[in-house]
Amino acid sequence: MKKVLIIGATGQIGSELTMKLRGIYGSSNIVAGYIPGAEPKGELKESGPSEIVDITNAEQIAAAVEKYDIDTIYNLAALLSAVAEVKPQLAWKIGVGGLYNTLEVAREKNCAVFTPSSIGSFGPDTPHDHTPQDTIQRPQTIYGVTKVTGEMLSDYYARRFGVDTRSVRFPGLISYVAPPGGGTTDYAVDIYYSAVKGETFKCPIKAGTFMDMMYMPDALRAAIEIMEADITKFKHRNSFNIASMSFDPEIIYNKICEYVPGFKMEYVHDPLRQAIADSWPDSLDDTCAREEWGWKPEYDLDAMTQDMLKHLRAKLL
Ligand code: SER
């Protein structure tokens with residue numbers, strides 16, 4: 001039986017992953033770690049244990065691991081790419097200092113660790129189309145620098161100390177539950193909110209800018225399946241490219257228009273987000289994840305759009 005601590009349990013990924021893991025492993029076995037000011041609410045709060053766990057505080061991580069006899073840590077604490085550019089020191093403190101704290105606790109207490117990497121770990125020198133698993137990673141954002149460091153540090157702890165670290169490079173994640181906030185791919189979430197509210201969407205990313213995206217149910221499944229996978233088949237650990245769809249603003253806009261006729265979009269240039277988006281891949285090659293642990297996405301743009309609109313209409317209207 002897994003006993004899991006989720007650090008960042010009230011964030012974009014954490015709020016959904018916590019509930020999904022509680023459904024699989026039993027509510028009392030999944031501890032929601034949060035920071036003051038981001039307390040769990042509603043079902044997330046009522047359905048299982050929660051603890052204050054600030055990733056920059058190693059003692060808090062160790063105390064939660066000890067109290068609940070944790071064997072697996074999902075480290076989901078991070079600042080997303082655009083907000084990290086505004087607060088680069090904090091992004092490093094959380095992304096790298098926090099990961100170091102987590103890995104040290106995992107080393108001492110024998111825990112497995114999942115830490116997401118991202119399409120943001122690549123840079124302008126990376127091949128942009130069908131970006132290979134093993135390729136140039138020279139990101140130009142602090143977010144990317146923390147992600148590449150995280151991949152290498154996680155591999156180091158596996159090799160040097162035998163800590164069972166595993167991870168994926170997430171595309172931009174799209175969900176109707178918790179808003180992302182501060183990312184470059186967020187436009188692909190915001191556009192659905194505008195469509196459902198009947199507002200004109202102001203798109204910060206230029207037409208023709210392709211990025212990998214993924215619907216949250218696929219992302220959650222990836223995070224769970226990689227931690228359950230047979231490690232003997234792995235040639236990689238940190239971090240696997242995973243992919244399901246790649247589009248530019250025109251493609252997602254036109255897809256939404258199929259279901260929301262008359263929906264309007266205009267472009268409002270955002271130099272920071274555009275520069276970040278331009279430095280990231282257009283589409284990832286996820287062959288290694290498919291071969292080494294059976295990764296397979298379920299949602300394409302059409303299926304995601306129908307599901308997003310259905311749930312957002314129920315939530316907002
Ligand atoms: N969604 C993230 C961002 O835009 C990338 O992984 O920052």
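Whatever order the structure lists ligands and atoms in, that order sets their numbers, starting from 1.
Among all protein heavy atoms, the one lying closest to atom 1 (N) of ligand 1 is Thr185 OG1, 2.8 Å.
You'll find the ring centres of Tyr193 and Phe201 outside the 6.0 Å limit. With ring centers used as reference points, Phe210 lies 6.0 Å or more from Phe247.
Near Ser118, meaning under 4.0 Å from one of its heavy atoms, ligand 1 places the atoms 5 (C), 6 (O). Atoms of ligand 1 found under 4.0 Å from any heavy atom of Ser81, numbered from 1 in the order shown, are 3 (C), 4 (O), 7 (O).
By the criterion of a heavy-atom distance under 4.0 Å, the side chain of Trp280, and not its backbone, is placed next to ligand 1.
Look at Lys233 and Glu291 and you find no salt bridge, because none of the NZ, NE, NH1 or NH2 atoms lies under 4.0 Å from a carboxylate O. Ion pairing between a basic and an acidic side chain is recognised when a charged N comes within 4.0 Å of a carboxylate O; Lys2 and Asp71 show no such pairing.
The salt bridge (Lys or Arg N to Asp or Glu O under 4.0 Å) search around Lys87 returns none, not counting sequence neighbours.
In this comparison of Thr184, Ile13, Ile174, Val189, the heavy atom closest to atom 4 (O) of ligand 1 sits on Thr184.
At a 3.5 angstrom cut-off on N or O pairs, Asp186 does not count as close to ligand 1.
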